[in-house]
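We count ligands from 1, going down the list as the structure has it; atoms in each ligand are counted the same way.
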Amino acid sequence: MTQDAIAIRGLVKTYPAHAGAPEKQALKGIDLSVPRGSVFGLLGPNGAGKSTLINILAGLVVKSAGSVSIWGFDQDRNPRQSRAAIGVMPQELNLDPFFTTRAALEVQAGLYGVPRAQRRSDEILAMIGLSDKADAYARTLSGGMRRRLLLGKALVHSPQILVLDEPTAGVDIELRQMLWSNIRKLNRAGMTIILTTHYLEEAEEMCDEIAIINQGSLVVRDSTANLLGRLDAKTMVIHPETTPDMLPQGDGITSELRDDGAVALRYQSRSVSAEAVLAAVRAAGITIRDVKTEEADLEDVFLSLTSGAHGI
Ligand SMILES: Nc1ncnc2c1ncn2[C@@H]1O[C@H](COP(=O)(O)OP(=O)(O)OP(=O)(O)O)[C@@H](O)[C@H]1O
Ligand SMILES: [Mg+2]
């Protein structure tokens, strides 16, 4: 148990009825553990409960039931230690417009009781690429710069765990790459990273382990590799020299003619070899002009596990 960065048991959050809206059970009893040193992705459709879970970890939302342990410290019994172990970059841009960039970092460090001599504001400013904006007021920063400042604020007390709630939503490609290279560096230096993202390619590339939640419940939690392996469906797409007279047939192979004239052959790569698929193509008298394969990606896994949900 002490090996876990985060251990969550039976976590429930019910938002009370408010202004005519009925009460909402946003988390319905989540059990989840996050190993130390991992990059862990928390995925799910809009409204699944991701931010609620993260805000409970951050101490910004009070849970209704269950237990949360952060770096081995129970959130209720050891609030100070558990809070010190985690830094959270929230989804909302909640910056005080009247603080300069440097002041925002200093105030945050003060809140966490980091002694002046141990503050790393300059180092953090350099890391988030805002050294030249150190004395600029938050209200004069662009949206992307504000996001970077939020990342900086999450790091002032050198937490063991960094939590990022949609760090790259709406940011340009350059900033996204900068954020990811920073996050990789922090992880290599030993920091455990937990993030939510709606960019599944990003999750596929960045995360060792992934949990998917849907409507307040955990749907799956597995290594990224295992999740991708669950959908073993492959598609070989053949562009024939001429329109085929017949479609290829074979055990475990389904073929269809696409609108662009390509023949798509679906098969399970565990039980059917690529050679068997090609043999079926040749048996149908098809001469191959071009061929490519399509593999299941995280998006297929996500959709198959959260079907019925809207948007990702
Ligand atoms: N303060 C609140 N009061 C009442 N209901 C809330 C509150 N915050 C969130 N909810 C509801 O709880 C559910 C989960 O919301 P949450 O923000 O955790 O989802 P999410 O997975 O982060 O979604 P997104 O991908 O859109 O960020 C939603 O139905 C939302 O409407
Ligand atoms: Mg959210």
Side-chain angles (χ1 to χ4, degrees), residues 6 8-34 39-68 70 75 86-95 143-144 146-151 153-154 161-171 175-176 179-180 183 193-204 206-207 209-222 224 227 298-299 301-312:
I6 303 272
I8 294 171
R9 299 282 168 267
L11 187 63
V12 173
K13 175 63 191 179
T14 308
Y15 291 106
H18 177 69
E23 75 167 28
K24 169 78 195 175
Q25 196 169 30
L27 298 176
K28 299 175 179 164
I30 300 258
D31 294 327
L32 186 63
S33 58
V34 176
V39 179
F40 193 94
L42 186 61
L43 308 183
N46 288 138
K50 305 178 298 293
S51 293
T52 299
L53 193 155
I54 280 173
N55 290 336
I56 290 172
L57 295 179
L60 299 170
V61 166
V62 180
K63 61 185 179 286
S64 307
S67 69
V68 172
I70 300 174
Q75 200 181 35
I86 194 167
V88 178
M89 177 180 171
Q91 183 171 13
E92 303 294 332
L93 290 170
N94 58 349
L95 288 166
R146 287 177 204 200
R147 272 197 179 278
R148 284 187 253 171
L149 178 51
L150 286 176
L151 172 63
K153 281 180 68 178
I161 306 166
L162 175 66
V163 182
L164 308 135
D165 196 354
E166 299 198 29
T168 54
V171 307
L175 173 54
R176 182 174 301 180
L179 279 168
W180 287 124
I183 287 163
I193 311 283
I194 301 172
L195 61 98
T196 75
T197 178
H198 285 281
Y199 302 107
L200 296 175
E201 281 176 30
E202 197 167 87
E204 198 172 317
M206 292 289 302
C207 300
E209 310 227 5
I210 287 178
I212 298 180
I213 61 174
N214 191 22
Q215 298 182 8
S217 300
L218 185 72
V219 182
V220 73
R221 179 213 181 287
D222 211 337
T224 309
L227 271 182
L298 195 55
E299 189 162 328
V301 181
F302 185 91
L303 290 173
S304 78
L305 291 170
T306 61
S307 53
H310 302 287
I312 52 169

Measure the spacing between CG of Leu32 and CD1 of Ile8 and express it to the nearest 0.5 Å. 5.0 Å

Using a strict 4.0 Å cut-off to heavy atoms of [X], name the atoms of ligand 1 that fall inside it.
{"X": "Gln91", "result": "27 (O)"}
{"X": "Glu166", "result": "25 (O), 27 (O)"}
{"X": "His198", "result": "25 (O)"}
{"X": "Thr52", "result": "14 (C), 15 (O), 16 (P), 18 (O)"}

For [atom], grab the closest protein heavy atom and report residue, atom and distance to one decimal in Å.
{"atom": "atom 26 (O) of ligand 1", "value": "Asn46 ND2, 2.9 Å"}
{"atom": "atom 10 (N) of ligand 1", "value": "Tyr15 CE1, 3.4 Å"}
{"atom": "atom 28 (C) of ligand 1", "value": "Gly47 O, 3.8 Å"}
{"atom": "atom 29 (O) of ligand 1", "value": "Lys24 CE, 3.1 Å"}
{"atom": "atom 17 (O) of ligand 1", "value": "Ser51 CB, 3.7 Å"}

Gln215 and Lys28: side-chain hydrogen bond (donor to acceptor under 3.5 Å, both in side chains), yes or no, with the steps? CA-CA 8 Å; Gln215 298 182 8; Lys28 299 175 179 164; 4.8 Å; no

Angle at the Mg ion (ligand 2) (to 10°), with one arm to OE1 of Gln91 and the other to OG of Ser51: 80°

Establish whether atom 24 (P) of ligand 1 and some protein heavy atom are separated by less than 4.0 angstrom. yes

Return yes when at least one protein heavy atom is under 4.0 Å from atom 7 (C) of ligand 1, and no when none is.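 Yes, there is a protein heavy atom closer to it than 4.0 Å.
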
Regarding Lys63 and Gln75, do their side chains bring together a donor and an acceptor under 3.5 Å, going by distance alone?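 Result is yes, a qualifying pair exists.
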
Examine Arg176 relative to Tyr199 and say whether NZ or CZ is less than 6.0 Å from the centre of the six-membered ring and inside a 45° cone about the ring axis. yes

Does the N or O separation between Gly44 and ligand 1 drop below 3.5 Å for any pair? no

Return a yes/no value for Gly49: is any of its N or O atoms, backbone included, closer than 3.5 angstrom to an N or O of ligand 1?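 So ligand 1 has an N or O lying under 3.5 Å from an N or O of Gly49.
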
Name the residue from Leu151, Leu179, Thr197 that meets the side chain to side chain contact (heavy atoms under 4.5 Å, CB included) definition with Leu164.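 Output: one option passes, namely Leu151.
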
Tell me whether Lys13 reaches ligand 1 (any heavy atom closer than 4.0 angstrom to a ligand atom). no

